[in-house]
Structures are given as structure tokens and as C-alpha cells.
A.B. asks: 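Sharing a structure, written as C-alpha cells. Questions coming.
The structure displayed is predicted, hence computed values, not measured ones. The chains referred to below are lettered A, B, ... by the order of the sequence lines, with proteins before strands, and numbering in each begins at 1.
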2 protein chains.
Amino acid sequence: MEKEITIYDLAKILALSPATVSRALNDHPAINAKTKVLIAEKAAELGYRSNTFASHLRTRKTNTLGVIVPRLNSNFMSTVLAGMEEVANNFGYNLLISQSLESELKEQANAKTMFNSRVDGLLVSVAYDTDSFEHFSTFINRNIPVLFFDRIMNHPQCGAVIIDNEQAGYDATRHLLDQGCRRIMHVTGDLRRNVYADRLEGFKRAIADQNLPTGNRLVISTDLSQEAGRAIAEQIHQMEEKPDGLFIANDLCAAICLQALKERGYVIPKDIAIVGFNNDPVSQVVSPQLTTVFYPGYQMGKTAMTTMIGQLNGTKLIDHLEPIILRSELIIRRSSIRLEKS
Amino acid sequence: MEKEITIYDLAKILALSPATVSRALNDHPAINAKTKVLIAEKAAELGYRSNTFASHLRTRKTNTLGVIVPRLNSNFMSTVLAGMEEVANNFGYNLLISQSLESELKEQANAKTMFNSRVDGLLVSVAYDTDSFEHFSTFINRNIPVLFFDRIMNHPQCGAVIIDNEQAGYDATRHLLDQGCRRIMHVTGDLRRNVYADRLEGFKRAIADQNLPTGNRLVISTDLSQEAGRAIAEQIHQMEEKPDGLFIANDLCAAICLQALKERGYVIPKDIAIVGFNNDPVSQVVSPQLTTVFYPGYQMGKTAMTTMIGQLNGTKLIDHLEPIILRSELIIRRSSIRLEKS
DNA sequence: TCTTGTATTGTAACCGATTGCATTAACTTG
DNA sequence: CAAGTTAATGCAATCGGTTACAATACAAGA
């Protein structure tokens, strides 16, 4: 079990040439079926494993895909990754995963690492504060496919997998309106990110549909952190005209806010109805349980990876790059129910 | 920006030999400082990037480390990974991350992939149901270092980074006892895993210290899932002699259980005091907030990675493999406070 | 001046798999 | 039976760095 054995060893033992061994192992049609079996058996017996570096060096393919996400520690992201991994594994691809920790700088560094590792493709959900596209152009210029998911950048040569955030924002807001809310506040993230900008659009459309004022006074852009949740509660507490509905674009932030509001004596949902986003486990743990939007993470991961691999194999056309839109769904729980169903 | 340039190109342009270029780029001492600068500048100018495969093929090192974790989607794990990534990046290592999803089979498949990718080292937190060590021996046999963290396997040739779970279990239980609990139930995971077995030991020691019976009737082994949390609440509800304290080895499970108990009319902590484990964000979102044990995830990731890289560089002795024990800390919150401090 | 030492650079053989271009053997066909 | 096919295998160059072992140049010491 010590020395690594190569196709040359196999060739020598079987009195064949390395070329034949190589072809046999790759199931090349020109090789006799019996020879293939013979070689395969010997390879298994001796514990042969292909040296991927020699192979990559020669073929100029790494069978490795890079994935850059803002953070790993959300239920959503790790579910996405599980989906990606499943598909990637099935197709014999490895995943090089890294987190940008919501910083463009780190994201650039990660991209550079991926580039130097010569990934065959890159899947990205961009950081909070990313403005530049430059660290991705590097890939585009070398014809390495880049696919965005969830938090996307618009670029004609990049694919994208998303949910319909505008519609989800609309549905969430509409639900609050249906529950009788007339003064709805929306807490969102960085509006450079499509997910937040789109949800805001949906929010505005729902408000406008009811002929209510759509001013920006009730829209607050934060980093959606736990601290932000607390700060929002405090801010509401200080307001003269308090909102009666609250749509927060992140469950954990919403849950913390909900709790902080309760501590200040507000009754949820009577005083303020709340809707979150993502269907994170926390949404089921707060009381009252949080109404939220289900995000199909696993599906998103699978779809993104399938698309990427399809593109690499040339199965999918490279120029057909309409974003792929997955379905999300409003999950209604007690934090927003003010009217019993008639 | 199209063609990849190599050290041969650089050599030709600068009228030097490839060997000199290679050495210069690797900062070899034998190369004249001025030559180095010259080469470095030209390399930068032309956008040269080293072909890692050629390099790996020759050096038989991949500069890639494998990480296998049960799941990515816990606050704890992603924090650990962030710590690992930081250190790995600093030392120029890449990370190949995969999740076993708590299944030994998947873990074995992951290990195999890692092996075939020729990782220089492997960091593992083992799955729930892993019994066999075989998929790790493969590495040991080839002298590839394996380091366990958090959920470890005992093996003389493997390093380990853990917290003192026994002590943490003791502290948690002791706290409940100090709050007047006399009938404490412990909900734990698979006892083949050190983290759960050790916490149970601590639990038993604390109970025994008070001369209370340490029978196993009040110890329940589950998968610590959300469903398990609900099931436990139901089970307690059915019991004749109900516990007055509950120590659950996982925050999310504990939070769900707490809520389910509340729904059945129990008052927390008056009827039942509850302590969780991990200091997951959910612990701050339930009400009352959950007493828990802080787990130094980031630190654990950094320590594990530093140890691994030290071993690879030969800085650390390979046979000095005492487990490294990090400090954890009981965080007391309202879910367990029955006696005001005197 | 000749020898020895030091600093710097070059030569060429690897690492292990892949693949275009033969080559050989076996089989058809006229 | 010769010529032409087809099937199976081999030869050798290639991918791009790395590194043991020279080779060269120049300075210092004898």
C-alpha cells in the first residue's frame, strides 16, 4: 500500500503499452472489450488511482468548479450547497467552496484563488457591497463560464438562477394588506443587490395597488443583521406614527426584531404584524411563529449546478442566458394573522 | 488575454532558461536579486500564472486540504469553516469542502473523492453513524495526515481538536441543580460520538455529586432534530413523574422542544428549566431566551487548520498527538433561571 | 599565474496521462 | 491469392514546472 502505481506499471505487468491502458481505463471504443476487463481488474487489484494532475495537465480541464457565497452559515446557503454537491458529485466534479463574508475585497481574493486553481466554471452569489464586475471578467475573458445564483449581477454572458423576488415581495406585502395593515414598513438590505431591490419593487407595487402612499419613509435599508433587528425595534418605538405591519427581508433579523418589540410591550400581530423571508428554522422557533417566504434552496443548488455542467458539456447553448426563475411560496404563520379566515 | 503564458515564454522573452525563471518565481536563493525583479515584472506584465498541475505533478503536493463535515448548515460549522479558511488562505492552501449529511456512506464517498483528489491532508468531523475507520486508514497508510475536530475518532496517529464536553456537560447540569432542579432529563445524540458521550458523562457526574440517582431512565438518545424536539415535549407530557430540568445537547432541538412545551401549557423555567448547547442564534430568539454552552467555533477552525499545516510543514511533531482542548463557556439566560441571585 | 571558491545560470531528465499517427494482425472480397 | 478493410494496439511527443547535476564567470588567495 505504499507506492503509487501508474499506467506504466499496469502496462508492464500486463505486457501492454501505456496508451492501451490509458484508453482502456477511459473506455475508449477502439480497445477490445476483453482487454478492458483485464486491465480494469488488474487496476482494481493493485489499487491504481489516476493521477489527476497528469491528466489535467494534459487535458487542460480540472473537473473542479468554484463556488463563492457570502456566508456558509445560513440554512439557505448550506441547503443550496447540498444541492450543488449532489449534482456535481454525480457528474464527477469537485467543488472548491469559499465565503466572501459579505466583503467585495474578500470576494475578489476568492475569485483570484479560484482563477489560479483553474476551475472549469464559477458559481457565485455576490457579497453585499460588490460593485465591480472586474474579478469576474477575468473568467469571461478566458471563456470560463460564470453563473450567478440568488444574488446575481446582470451580465450578458453570465447565467443566473433566482426566484421571483418582486413577486415574493408583492405577495408578502399583499398578505399584510389583506390582514388589514395600512402602514407597512419594509426593512431591506443593500439595494444594489437584486434580491433586495426586487423585493422592494414588489412591496411598492402592492402598496400602490391599494392606492396607499408609497413614499420611502417606511423603507429602511440595513445590513439585516441581528443588531439591525434590535435597532429597528428601537426605531419603531421612537416613531410617532408607528407601522402596523412589518416586512423584513430576512428571518433571523425579523425574529430578533419581533422579540425586541415584544420586550417593549408590543403585541404581535395585533399591534404590528410581521413577515420575514427565507423560511429559516428560526422562523418556527419564535413565538408567535413567523410568517415567511419559502426559498427553494436545494432546488436552486441543483438547478444552478445542472445548468453549469450542461454549459460545460456543450449540452446547453452558451448564449441562451435568460435567468432561470424558481418558485417561492408565502408561508403564513401566526405572526401576521390578524383576521380569522371567514 | 487569450493564450496562457508559461515559464518557457518568459524564458524566451528574457533570454534566460526556464530553470532560472522557475527558481526566480519561487524565490530561490541562488538567483540574483536583479534577475528576480526582472522576471517578476515581466511575469506580472504578461499576466503569467503558474500551472498548478504541472507543479503538483512534479512535486507531488497539491496544496489542497479536504474538509468533511456532517452538515454545513449550522452556525457552528460555518463558523469553524470561516476560521479554517482564514488560516488556509494565509498559508496558500485551498479547501475542498463536503458534507456527509450525517451518513457514514456519504462520508466514505467523500473521503474517497478527497483521496483521489490527492489532498495533502484531511480534516474531519465525523457523521452521526460512523463506525468504521477504514475510509480514514487509506490516508494514514499513505502518510496523509488526518485531523479530527469536534466529533472525533480516537486513533493514535490522528490529531484532534475538541472542547471539554465532559466539563461542559457537568457545568450545564450543575447549573440546573443549582437552580433547584432535582429531576433532570438529558436529551442527547448518538452515544458513539464523543461529544454526546462526554456530555453524558459530565451530566452523570454532576448528578452523582449531589447523591441523586443516576439511572438511565432520564437519558434519551435521539437524532437531535427539530422533530425530536417535538417528540420529547410529547414524551414529557405523557410521563407520570415529569422532569423539572432539561438538558438538551443541541440548541435548535432545545428551542423547538421549549416551544412545544409552552404550547402544552408548561411554564419555562418554572415548571421545567431548560439548557441547550452551542449558542446558536436561535437560542437568543426563543422566549424565554435559552441558556446554552458557547462553542468557540472560529477558534476551533483556526486551531485545527494551524495544527494541520504545522504538521504538513514538519513544524509540529507528528507523534505529539494529544487532543487540543479549547475552552467553552456556559451562557446563562432566562430559560433556566428559577432562583434570583442572592 | 594557477588554483580554489562562490555566485549565477543552464541542461536535461523527470512527473503520469493523453492522443495523433503509425503499425500489425485478422478478415473480406473480387 | 492479392488488395483492401477493419480492429486492436504501440510509438513517441506533449502538457508546464521542478531539480539534480553541470557549466560558466569572476574574484580571492597562494
A.B. asks: Expressed in angstrom and rounded to an integer, what is the separation of B:Leu38 atom CG from C:dT9 atom C1'?
C.D. replies: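 Result: 14 Å.
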A.B. asks: How long is the line joining NZ of A:Lys12 and P of D:dG10, in whole Å?
C.D. replies: 14 Å
A.B. asks: Side-chain N or O of A:Ser17 less than 4.0 angstrom from OP1 or OP2 on D:dG10?
C.D. replies: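 For D:dG10, OP1 or OP2 has a side-chain N or O of A:Ser17 closer than 4.0 Å.
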A.B. asks: Please give, in whole Å, the distance from D:dA7 P to A:Arg23 CZ?
C.D. replies: 15 Å
A.B. asks: Across nucleotides 12-17 of chain D, 5' to 3', mark each nucleotide with B, S or - according to how protein heavy atoms within less than 4.0 Å reach it.
C.D. replies: -BBBBB
A.B. asks: Measuring from the side chain of A:Thr59 (C-beta onward, heavy atoms only), which nucleotide among C:dT19, D:dT9, C:dT9 has the closest atom?
C.D. replies: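 So the side chain of A:Thr59 is nearest to C:dT19.
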A.B. asks: Calculate the interatomic distance between A:Lys36 atom NZ and D:dA8 atom P; express it in whole Å.
C.D. replies: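 Answer to the nearest Å: 9 Å.
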A.B. asks: Whether the side chain of B:Ser22 engages the backbone of B:Pro18 through a donor-acceptor N/O pair (distance < 3.5 Å, no angle test) should be reported.
C.D. replies: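 No.
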A.B. asks: Salt-bridged, A:Arg60 to B:Glu4, with N to O below 4.0 Å?
C.D. replies: no
A.B. asks: Compare all side-chain heavy atoms of B:Phe149 with those of B:Ile162 and state whether any distance is below 4.5 angstrom.
C.D. replies: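 Heavy-atom side-chain distance check fails, nothing below 4.5 Å.
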A.B. asks: Tell me if the centroids of the rings in A:Phe136 and A:Phe133 come within less than 6.0 Å of each other.
C.D. replies: yes
A.B. asks: With a 4.0 Å cut-off, would you call A:Glu102 and A:Arg151 a salt bridge?
C.D. replies: yes
A.B. asks: Is A:Glu104 salt-bridged to A:Arg192, going by a charged N under 4.0 Å from an acidic O?
C.D. replies: no
A.B. asks: Using atom CG of A:Asp27 as one end and atom C1' of D:dT9 as the other, report the distance to the nearest whole Å.
C.D. replies: 16 Å
A.B. asks: Using a heavy-atom cut-off of under 4.0 Å over every strand shown, decide if A:Thr52 touches base, sugar-phosphate, or nothing.
C.D. replies: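 No contact at all - A:Thr52 keeps every heavy atom at 4.0 Å or more from the nucleic acid.
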A.B. asks: Rounded to the nearest Å, what distance is computed from the NZ atom of residue A:Lys34 to the C1' atom of nucleotide C:dA26?
C.D. replies: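 From A:Lys34 NZ to C:dA26 C1': 14 Å.
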A.B. asks: Within the distance-only criterion (no hydrogens, no angle test), does the side chain of B:Lys106 pair as donor or acceptor with the backbone N or O of B:Gln99 below 3.5 angstrom?
C.D. replies: yes
A.B. asks: How close or far is atom P of D:dA23 from atom CG of B:Leu16, stated in whole angstroms?
C.D. replies: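 About 20 Å, once rounded to whole Å.
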A.B. asks: Find the distance A:Leu10:CG to C:dT18:P and express it as a whole number of Å.
C.D. replies: 12 Å
